[in-house]
Participant: 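Pasting in a structure now, in structure tokens, and then I'll have a few things to ask.
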Protein chains: 2
Amino acid sequence: MKKPDAQEVGTLIASECLSVRVRRLGRVITRIYDAALAPHGVSAAQLNLLAAIAVGDGARPGDLTRLLEVEKSTLSRDLKRMEQLGWIRSEAALPRGGRIVTLTPAGARLLTDVRPAWEKAQARARAELGEKPFAQLRAALPSPLKAR
Amino acid sequence: MKKPDAQEVGTLIASECLSVRVRRLGRVITRIYDAALAPHGVSAAQLNLLAAIAVGDGARPGDLTRLLEVEKSTLSRDLKRMEQLGWIRSEAALPRGGRIVTLTPAGARLLTDVRPAWEKAQARARAELGEKPFAQLRAALPSPLKAR
DNA sequence: TGCCTGGGGTTGTATGTACAACTATCCCCC
DNA sequence: GGGGGATAGTTGTACATACAACCCCAGGCA
């Protein structure tokens with residue numbers, strides 16, 4: 001028999017831990033967007049990245065890591081995949097081997113094509129969460145664009 | 001030049017998309033908990049799972065997939081790893097090849113040992129987010145225990 | 001001049017995650 | 001008593017993610 005202590009700690013964490021809730025939400029939300037976007041052959045993560053690149057019509061990888069709070073090694077591989085898919089292009093341009101990433105025409109087309117599916121996912125997420133939690137969440141989480 | 005359209009859609013998604021915000025938050029939060037828990041050799045995801053198992057002092061995998069909203073194949077592999085680490089045990093017990101997963105003494109000890117580090121992470125997350133967003137988030141997201 | 005430092009990027013390795021396909025069981029019902 | 005369907009789990013494959021360890025190059029500085 002385990003010490004009853006472990007059960008208490010387990011209950012505490014299961015009910016109070018922020019990472020439990022946030023990670024669970026992430027799985028649910030990601031599934032919704034992935035399902036809606038699947039017909040276009042793009043994932044939620046990839047669409048996030050495409051959008052971030054489109055905003056400035058070209059971005060430096062360092063900006064993207066800060067904007068999306070993603071590790072540089074992760075970004076490196078994600079960009080490589082998207083480059084192989086023909087959605088983006090990366091041009092060596094700056095001093096220290098720095099680069100600039102831009103959308104290809106195919107990437108730009110994908111982004112506009114996908115918009116209805118994205119709106120469907122957004123609506124679906126709102127419905128699943130409920131109107132009120134959706135709004136609370138919106139209020140609690142800063143838009144990455146505002147964030148810096 | 002891309003059509004300006006793509007830039008508009010990109011900006012719309014970057015600023016309005018729920019998955020962008022939630023996934024970004026997930027990365028930030030996961031990093032905080034992982035860092036705090038690292039000295040104990042346990043990840044945020046593993047602690048979440050350990051806690052869920054501890055709550056009922058034993059659970060069926062099917063319950064865990066619903067509680068954590070995780071795919072059964074994901075759960076299968078995560079449990080396998082934790083079993084190899086000696087934290088849990090899984091006993092064949094029920095009808096349709098069903099099993100019951102319980103903490104080992106080592107798993108129970110880990111859970112209690114890790115509590116201070118978890119509290120540190122929780123405090124750190126609150127500080128990073130700010131008092132108000134933290135509370136809003138708490139209110140918007142149901143505790144998985146309540147959820148069903 | 002030659003070294004150190006720091007920014008920018010990739011690669012090795014491991015985990016977390018999902019979907020699809022497959023296997024194994026049990027249970028109901030004709 | 002033999003399907004058929006529902007339930008439970010594993011395995012193949014691919015992507016998202018992170019940390020650590022590297023490599024490259026530009027500038028400062030002794």
Side-chain angles (χ1 to χ4, degrees), chain A residues 19-20 22-39 41-50 52 59-66 68-85 87 90-101, chain B residues 19-20 22-39 41-50 52 59-66 68-85 87 90-101:
Chain A
S19 95
V20 167
V22 167
R23 292 174 56 84
R24 183 181 189 273
L25 176 69
R27 289 187 290 268
V28 172
I29 296 293
T30 299
R31 271 205 293 275
I32 293 173
Y33 285 78
D34 276 346
L37 298 171
V42 64
S43 68
Q46 288 171 333
L47 180 61
N48 294 175
L49 188 42
L50 268 186
R60 291 170 310 191
D63 296 338
L64 295 174
T65 62
R66 278 181 291 274
L68 298 175
E69 285 287 358
V70 83
E71 232 280 334
K72 61 182 182 171
S73 61
T74 301
L75 182 71
S76 174
R77 281 180 248 250
D78 291 352
L79 289 178
K80 191 191 298 178
R81 277 189 268 269
M82 286 173 41
E83 194 163 6
Q84 280 164 354
L85 289 168
W87 298 341
S90 110
E91 317 163 32
L94 299 188
R96 275 154 267 260
R99 300 181 313 163
I100 291 219
V101 182
Chain B
S19 95
V20 167
V22 167
R23 291 173 57 82
R24 183 179 188 275
L25 176 69
R27 289 188 289 269
V28 172
I29 296 293
T30 299
R31 270 206 292 274
I32 293 174
Y33 286 78
D34 275 346
L37 297 171
V42 63
S43 68
Q46 288 171 333
L47 180 61
N48 293 176
L49 187 43
L50 267 186
R60 291 171 311 194
D63 296 338
L64 295 174
T65 62
R66 281 182 289 275
L68 299 175
E69 284 288 358
V70 83
E71 234 279 335
K72 61 183 179 169
S73 60
T74 301
L75 183 71
S76 175
R77 281 179 248 250
D78 291 351
L79 289 178
K80 191 191 294 180
R81 277 189 267 268
M82 285 172 43
E83 195 162 6
Q84 279 163 353
L85 289 168
W87 298 341
S90 113
E91 316 162 32
L94 299 188
R96 277 153 270 261
R99 299 181 313 161
I100 289 218
V101 182

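First the proteins, then the strands, lettered A, B, ... as listed; each starts at 1. Predicted, not measured: the structure shown is a model, and the values here were computed from it. We use all heavy atoms of the structure for the numbers below, so side chains are in, but hydrogens, waters and symmetry mates are not.
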Participant: Using whole Å, report how far CE of A:Met82 lies from P of D:dC15.
Facilitator: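 My rounded result for the distance is 13 Å.
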Participant: Can you list the residues that meet the side chain to side chain contact (heavy atoms under 4.5 Å, CB included) rule with A:Ala45, with sequence neighbours excluded?
Facilitator: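 Here the qualifying residues are A:Ser43, B:Arg23.
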Participant: Separation of A:Arg60 atom CZ from C:dG7 atom P, in whole Å?
Facilitator: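 It works out to 13 Å between those atoms.
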Participant: Over how many whole Å does the gap from A:Leu64 atom CG to C:dG7 atom C1' extend?
Facilitator: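 Going from A:Leu64 (CG) to C:dG7 (C1'), I get 16 Å.
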Participant: At under 4.0 Å between heavy atoms, how does the protein contact nucleotides 14-20 of chain C? Give one character per nucleotide, 5' to 3', with B, S or -.
Facilitator: -SBBBBB
Participant: Tell me: CG of A:Leu49 to P of D:dC15, nearest whole Å?
Facilitator: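 Spelled out: CG on A:Leu49 to P on D:dC15 is 14 Å.
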Participant: Using the salt bridge (Lys or Arg N to Asp or Glu O under 4.0 Å) rule, collect all pairs that involve residues 73-84 of chain B, keeping only residues at least two apart or in two chains.
Facilitator: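 Residue pairs with at least one partner in residues 73-84 of chain B: B:Asp78-B:Arg81.
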Participant: Using whole Å, report how far CZ of B:Arg99 lies from P of D:dG9.
Facilitator: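 Atom-to-atom, B:Arg99 to D:dG9, this comes out as 6 Å.
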Participant: Residues in side-chain hydrogen bond (donor to acceptor under 3.5 Å, both in side chains) with A:Thr74, at least two apart?
Facilitator: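 Once residues adjacent in sequence are excluded, A:Thr74 has no partner under the side-chain hydrogen bond (donor to acceptor under 3.5 Å, both in side chains) criterion.
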Participant: For A:Asp63 and C:dG7, give me the distance from atom CG to atom P, rounded to whole Å.
Facilitator: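 The answer, rounded to whole Å, is 15 Å.
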Participant: Please report, rounded to the nearest Å, how far the P atom of C:dT11 is from the CG atom of A:Leu79.
Facilitator: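 So the CG-P distance, A:Leu79 to C:dT11, works out to 13 Å.
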Participant: Only counting residues at least two apart or in another chain, list the ones meeting side-chain hydrogen bond (donor to acceptor under 3.5 Å, both in side chains) with A:Ser90.
Facilitator: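 Once residues adjacent in sequence are excluded, the partners of A:Ser90 under the side-chain hydrogen bond (donor to acceptor under 3.5 Å, both in side chains) criterion are A:Arg99.
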Participant: What residues, two or more places apart in sequence or in another chain, satisfy side-chain hydrogen bond (donor to acceptor under 3.5 Å, both in side chains) together with A:Ser76?
Facilitator: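 For A:Ser76, no residue satisfies side-chain hydrogen bond (donor to acceptor under 3.5 Å, both in side chains) once neighbours in sequence are set aside.
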Participant: Using modelled atom types only, decide if a donor and an acceptor are shared between the side chain of B:Arg27 and the backbone of A:Leu68 within a distance under 3.5 Å.
Facilitator: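 Yes, because the side chain of B:Arg27 sits within donor-acceptor range (under 3.5 Å) of the backbone of A:Leu68.
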Participant: Taking atom P of D:dC15 as reference, at what distance in whole Å does atom CG of A:Leu47 sit?
Facilitator: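 In whole Å, D:dC15 P lies 17 Å from A:Leu47 CG.
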